[in-house]
K.L.:
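Can you read through this structure? Questions will come right after.
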Amino acid sequence: MGLDIYSGKLTRYYSRNWKTIVQQMSEENGQKCVMTDGSGNEMKPVEDPSEIDQIRETVTRWIDNIATGIDQPLPSPLWDETSECAYYTDKPDWEAFGALMLLQACQSLNRPLPEYVENRWDALEDPIVGSSRKHGAYVKLGN
């Protein structure tokens with residue numbers, strides 16, 4: 001299991017019509033990469049146009065609910081889900097994840113964010129993150 005960041009249209013995301021950075025790199029190197037769900041089933045893109053339209057309609061309704069549900073309604077739709085466009089994806093490393101933990105810890109403790117951390121820094125060993133965890137000002141991950 002891994003963490004993948006995706007930025008693009010929601011219809012494309014939910015129809016699985018995108019490839020992770022690992023899939024893209026595998027294809028570039030002539031290797032096969034199969035993504036599976038928690039049960040081990042291969043996750044394939046939705047190919048049926050009517051099913052993609054149904055996903056798009058659901059996403060568009062959700063977007064409209066956001067636009068009209070705020071204090072000062074925004075024009076609907078907030079963005080266009082009908083056209084295909086580029087998407088971006090990457091896989092953050094543990095240092096990036098740790099940096100998010102540090103950011104959250106600094107914000108929850110009302111402390112300034114350090115300008116830098118040492119090479120091979122470990123967020124779980126950082127005193128600011130540790131203090132935040134002691135005060136219960138964090139989201140527990142894993143078991």
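What you see is a predicted model; the values in this text were computed from it and never measured. When reading the values below, keep in mind they use all heavy atoms of this one structure, side chains included, and skip hydrogens, waters and symmetry mates.
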K.L.:
Between Glu84 and Asn17, does the side-chain contact (heavy atoms from CB on, under 4.5 Å) criterion hold? Intermediate values first, please.
P.N.:
CA-CA 10 Å; Glu84 288 295 319; Asn17 185 13; 4.0 Å; yes
K.L.:
Would you name the heavy atoms of Arg12 and Tyr87 that are closest together and state the gap between them?
P.N.:
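Nearest pair, atom of Arg12 first, then Tyr87: NH1-CD2, 3.1 Å.
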K.L.:
Could you check whether the rings of Tyr6 and Tyr13 sit parallel, tilted or perpendicular, using 30° and 60° as the cut-offs?
P.N.:
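Geometry flag for Tyr13 against Tyr6: tilted rings.
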K.L.:
How many angstroms lie between SG in Cys33 and CE in Met25, if you round to the nearest 0.5 Å?
P.N.:
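That separation rounds to 10.5 Å.
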K.L.:
Give a yes or no on whether the backbone of Ile5 and the side-chain of Lys91 come within a donor-acceptor separation of less than 3.5 Å.
P.N.:
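Such a contact is absent between Lys91 side chain and Ile5 backbone.
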K.L.:
Within the 4.5 Å heavy-atom criterion, are Leu102 and Trp121 side-chain neighbours or not?
P.N.:
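A side-chain contact under 4.5 Å exists here.
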K.L.:
Counting N and O atoms only, with roles assigned by atom type, does the side chain of Thr58 sit under 3.5 Å from a partner on the main chain of Gln54, one being a donor and the other an acceptor?
P.N.:
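Yes, the answer is positive, given that a donor and an acceptor are paired below the 3.5 Å cut-off.
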K.L.:
Is the shortest heavy-atom distance from the side chain of Glu51 to the side chain of Ser15 under 4.5 Å?
P.N.:
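Answer no - side chains too far apart.
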K.L.:
Please report the closest heavy-atom contact between Asp93 and Ala96, naming both atoms and the distance.
P.N.:
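Scanning both residues completely, I find the closest heavy atoms to be OD1-N, 2.8 Å.
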K.L.:
Under the side chain to side chain donor-acceptor pair (under 3.5 Å) test, which residues partner Thr89, sequence neighbours left out?
P.N.:
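If we apply the side chain to side chain donor-acceptor pair (under 3.5 Å) test to Thr89, skipping adjacent residues, there are no hits.
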K.L.:
Leu100 and Leu124: same hydrophobic cluster, using ILVMFWY side-chain contacts below 4.5 Å?
P.N.:
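Different hydrophobic clusters.
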K.L.:
Is there a path from Tyr88 to Val22 through hydrophobic residues (I, L, V, M, F, W, Y) whose side chains come within less than 4.5 Å of each other?
P.N.:
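Per the 4.5 Å side-chain linkage, Tyr88 and Val22 are not co-clustered.
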K.L.:
Shared ILVMFWY cluster between Trp94 and Ile21, side chains joined below 4.5 angstrom?
P.N.:
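The answer is no; the residues belong to distinct hydrophobic clusters.
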K.L.:
So, using side chain to side chain contact (heavy atoms under 4.5 Å, CB included) as the criterion, who are the partners of Asp64 when residues are at least two apart?
P.N.:
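By the side chain to side chain contact (heavy atoms under 4.5 Å, CB included) rule, Asp64 matches Thr60, Ser76, Pro77.
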K.L.:
If you group Ile, Leu, Val, Met, Phe, Trp and Tyr by side-chain heavy-atom gaps below 4.5 Å, do Ile70 and Ile63 land in one group?
P.N.:
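Same cluster: Ile70 reaches Ile63 through Ile, Leu, Val, Met, Phe, Trp or Tyr contacts under 4.5 Å.
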K.L.:
So does Arg111 have more than 12 non-hydrogen atoms from other groups sitting under 6.0 Å from CZ?
P.N.:
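Atom CZ in Arg111 is not packed in, count stays at 12 or less.
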K.L.:
What heavy-atom pair brings Val129 and Ala123 nearest, and what distance separates the two atoms?
P.N.:
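That would be CB-O, 3.3 Å.
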K.L.:
Quick one: salt bridge (Lys or Arg N to Asp or Glu O under 4.0 Å) pairs with a partner in residues 112-123, sequence neighbours left out?
P.N.:
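Found none.
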K.L.:
List the residues meeting side chain to side chain contact (heavy atoms under 4.5 Å, CB included) with Thr11, not counting sequence neighbours, and say none if there are none.
P.N.:
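Thr11 satisfies side chain to side chain contact (heavy atoms under 4.5 Å, CB included) with Ile52, Ile55, Arg56, Val59, Glu81 only.
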K.L.:
Taking Phe97 as the starting point, is it possible to reach Leu113 by hopping between hydrophobic residues whose side chains are less than 4.5 Å apart?
P.N.:
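Yes; Phe97 is reachable from Leu113 via cluster members.
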K.L.:
Looking only at atom types and distance, does a side-chain atom of Ser132 sit under 3.5 Å from a main-chain N or O of Ile128, one as donor and one as acceptor?
P.N.:
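No: the side chain of Ser132 does not pair with the backbone of Ile128.
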K.L.:
Applying side chain to side chain donor-acceptor pair (under 3.5 Å), can you list everything that pairs with Asn29, at least two apart in sequence or on another chain?
P.N.:
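So Asn29 forms no side chain to side chain donor-acceptor pair (under 3.5 Å) with any residue.
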K.L.:
Scan for salt bridge (Lys or Arg N to Asp or Glu O under 4.0 Å) pairs involving residues 23-50, sequence neighbours excluded, and state none if there are none.
P.N.:
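Non-adjacent pairs meeting salt bridge (Lys or Arg N to Asp or Glu O under 4.0 Å): Lys19-Glu27.
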K.L.:
Would Thr36 and Asn41 count as a side-chain contact (heavy atoms from CB on, under 4.5 Å) here? Give the steps.
P.N.:
CA-CA 5 Å; Thr36 59; Asn41 301 313; over 6 Å; no
K.L.:
To the nearest 0.5 angstrom, please state how far the CG atom of Leu109 sits from the NZ atom of Lys134.
P.N.:
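If we round to the nearest 0.5 Å, Leu109:CG and Lys134:NZ are 11.0 Å apart.
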